[in-house]
Amino acid sequence: MTADAYKSDFLRVLNERGFIAQGTNLEGLDEKAAGGIVPGYIGFDATAKSLHAGSLIQIMLLYWLQETGHKPIALMGGGTTKVGDPAGKDEQRKLLSDQEIAANIASIKTVFEKFLTFGDGPTDAIMPDNDEWLSKLGYVEFLREYGVHFTINRMLTFDSVKLRLDRESPMTFLEFNYMLMQAYDFHELYNRHGCILQLGGTDQWGNIVNGVELCRRKDGVEVFGLTTPLLTTASGKKMGKTEEGAVWLNADMFAPYDYWQYWRNAEDADVGTLLARFTTLPMDEVGRLAALEGSEINEAKKILATEATTLLHGREAAQRAAATAEETFEQGGLGGDLPQVDLTAGDIDAGAALIDQFLAAGIVASKGEARRHIKAGALKVNDQAVREERDLRADDIRDGAVKLSIGKKKHAIIRVV
């Protein structure tokens, strides 16, 4: 449907920004969203202390749900994390302790406060934890009351199960239960909070449909499901990953400067899509920036990086990252927001191995990796390739600092204090 075909601001915004892949009854959802407040939820399992950029598309869905006058529910998966979602996985994920899950949830919560307004108002966001109800379920009672509403035949047709079996990857009964638990979450959220919408990626379609059907059978109501396309880059890479690892959303795990650089390094063909989905710029401005060509597309990438970083880390941090990047890349200087290692003149006189400094600055993950990059000529000191293992020298110091680099995009500073 075209954007102007929707009555509700919610679906109109999602449609024009490219968020809609499929829905159980989009016309019915549109009616509900146009006529009143729709509480909608997305579940986030707590498998690590931070979500990564691959989760941003779901966070932005909740952002736009609230911005268009509805109630977002960021469901923490304290209970489902104990089981593990088989969707998109080739093996069972590591099972965490209750203490590890609780610590992860506490850390993850800080990110949502950047995007959503929490409180007790009708459109304020809430953050329940499904461990509140899942861990209290009696197994036999759950099977008798809810297991009868799911058939193995149907469950085997869902991609989250079917693709796993097609690859002949073992799937435990524990994981097979995940979709029942997620369906039960929808039923529970409907009864506790009047939730009538579940959102997620297309890999969650089967789980969402199960929840919609369970609410119809147990509660006698129509609730709705909506999925977004799974986002990959123009070259086919998965969103939220770099060659160095995950793009974490918590600043203590992935610095704001590195986050800015992640968006700045987007592929040209992705700029329009990323501006639409991961910034709040008006769509006419998104269209103007996406149409830029040649070297001008770099200006659009800088705007993308600054706007995306502002949403997560704030305008001041985003502008600081942009200024650091300009000084480092365009003026040949040493930006003050780069990762930094402090050494004294005595440390240098005593012998400070360059490999150790690249490791301390986070540019390489191991000494072995550093040695491989030295052989390839990829490690640089003050923009000059390092050709052999050596110590840091006094003549490396320029204005009290030494610039360390790998390739053209990753840099750090040694400050001589």
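If you read the sequence from its start, that first residue is 1, and numbering goes on from there.
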Residues Gln204, Asn207; criterion side chain to side chain donor-acceptor pair (under 3.5 Å); working and verdict: CA-CA 5 Å; Gln204 294 295 317; Asn207 292 338; 3.0 Å; yes
CD1 on Ile105 to CZ on Phe44, rounded to 0.5 Å: 12.5 Å
According to salt bridge (Lys or Arg N to Asp or Glu O under 4.0 Å), who are the partners of Asp347, at least two apart in sequence or on a separate chain? none
Tell me whether Thr81 contacts the main-chain N or O of Gly77 through its side chain, where contact means a donor paired with an acceptor under 3.5 Å. yes
Compile the donor-acceptor pairs under 3.5 Å between side chains in residues 288-297 and protein atoms, sequence neighbours left out, one pair per line.
from	atom 1	to	atom 2	distance (Å)
Arg288	NE	Glu285	OE1	3.0
Arg288	NH2	Glu285	OE2	2.8

With a 4.5 Å cut-off on side-chain heavy atoms, are Leu226 and Leu11 touching? yes
Would you check if Lys403 and Ile414 make a side-chain contact, meaning some heavy-atom pair closer than 4.5 Å? no
Once salt bridge (Lys or Arg N to Asp or Glu O under 4.0 Å) is applied, do any residues pair with Arg372, and if so which ones, sequence neighbours excluded? none
So which of Thr227, Thr228, Thr202 actually passes side chain to side chain donor-acceptor pair (under 3.5 Å) with Gln22? Thr227
Assess whether atom NZ of Lys218 is packed by more than 12 heavy atoms of other residues, nucleotides or ligands within 6.0 Å. yes
Of all heavy-atom pairs linking Val364 and Leu359, the shortest is O-CD1, 3.5 Å
Scanning both residues in full, the closest heavy-atom pair of Ser8 with Ala33 reads CB-CB, 3.5 Å
Indicate yes or no for a side-chain donor-acceptor contact from Thr309 to the backbone of Thr306 under 3.5 Å, with no hydrogens or angles considered. no
What's the separation between atom CD1 in Ile355 and atom CG in Leu379, rounded to the nearest 0.5 Å? 8.0 Å
Which atom names give the shortest non-hydrogen contact between Pro128 and Leu189, and what distance separates them? CG-CD2, 4.1 Å
Tell me whether Asn250 contacts the main-chain N or O of Met253 through its side chain, where contact means a donor paired with an acceptor under 3.5 Å. no
Taking all non-hydrogen atoms of both residues into account, name the closest pair between Leu274 and Ala266 and its distance. CD1-CB, 3.6 Å
Pairing donors with acceptors under 3.5 angstrom, does anything connect the side chains of Thr68 and Asp9? no
Hey, are the side chains of Arg17 and Trp64 touching, using non-hydrogen atoms and a 4.5 Å cut-off? yes
Would you call the rings of Phe278 and Trp263 parallel, tilted or perpendicular if under 30° counts as parallel and over 60° as perpendicular? tilted
Does this structure show an ion pair linking Glu132 with Arg192, if we count only N-O contacts that are shorter than 4.0 Å? yes
Output yes when Arg12 and Asp30 qualify as a salt bridge under the 4.0 Å nitrogen-oxygen rule, no when they do not. no
Find the distance between CD1 (Ile20) and CG (Leu26) and round it off to the nearest 0.5 Å. 6.0 Å
Check: Glu213 side chain, Asn210 main-chain N or O, donor-acceptor pair, under 3.5 Å: no
For the pair His70 (side chain) and Val38 (backbone), establish whether a donor and an acceptor sit closer than 3.5 Å, ignoring hydrogens and angles. yes
Step by step, would you call His187 with Tyr190 a ring pair (Phe, Tyr, Trp, His ring centres under 6.0 Å)? CA-CA 5 Å; His187 161 69; Tyr190 170 75; 8.0 Å; no
Side-chain donor/acceptor of Arg277 to backbone N/O of Ile57, under 3.5 Å: no
Where the side chain of Lys71 meets the backbone of Gly121, is there a donor-acceptor pair that is under 3.5 Å apart? yes
Please lay out, stage by stage, how Phe118 and Phe112 fare under the test ring pair (Phe, Tyr, Trp, His ring centres under 6.0 Å). CA-CA 9 Å; Phe118 288 85; Phe112 285 91; 7.3 Å; no
Pairs meeting criterion salt bridge (charged side-chain N to carboxylate O under 4.0 Å, His left out) with involvement of residues 31-41, two or more places apart: Lys7-Glu31
Where at least one partner belongs to residues 112-131, residue pairs that pass side chain to side chain donor-acceptor pair (under 3.5 Å), sequence neighbours excluded: Thr80-Asn130, Lys82-Asp131, Asn130-Asp185, Asp131-Ser135
Residue pairs passing the ring-ring contact (aromatic ring centres under 6.0 Å, His included) test where at least one lies in residues 207-236, sequence neighbours excluded: none
In Å and rounded to the nearest 0.5 Å, what is the OH to CG distance from Tyr262 to Leu304? 10.0 Å
Sub-3.5 Å donor-acceptor pair from the side chain of Glu369 to the main-chain atoms of Ala365, do we have one? yes
How many angstroms lie between atom NZ of Lys302 and atom CH2 of Trp260, to the nearest 0.5 angstrom? 6.5 Å
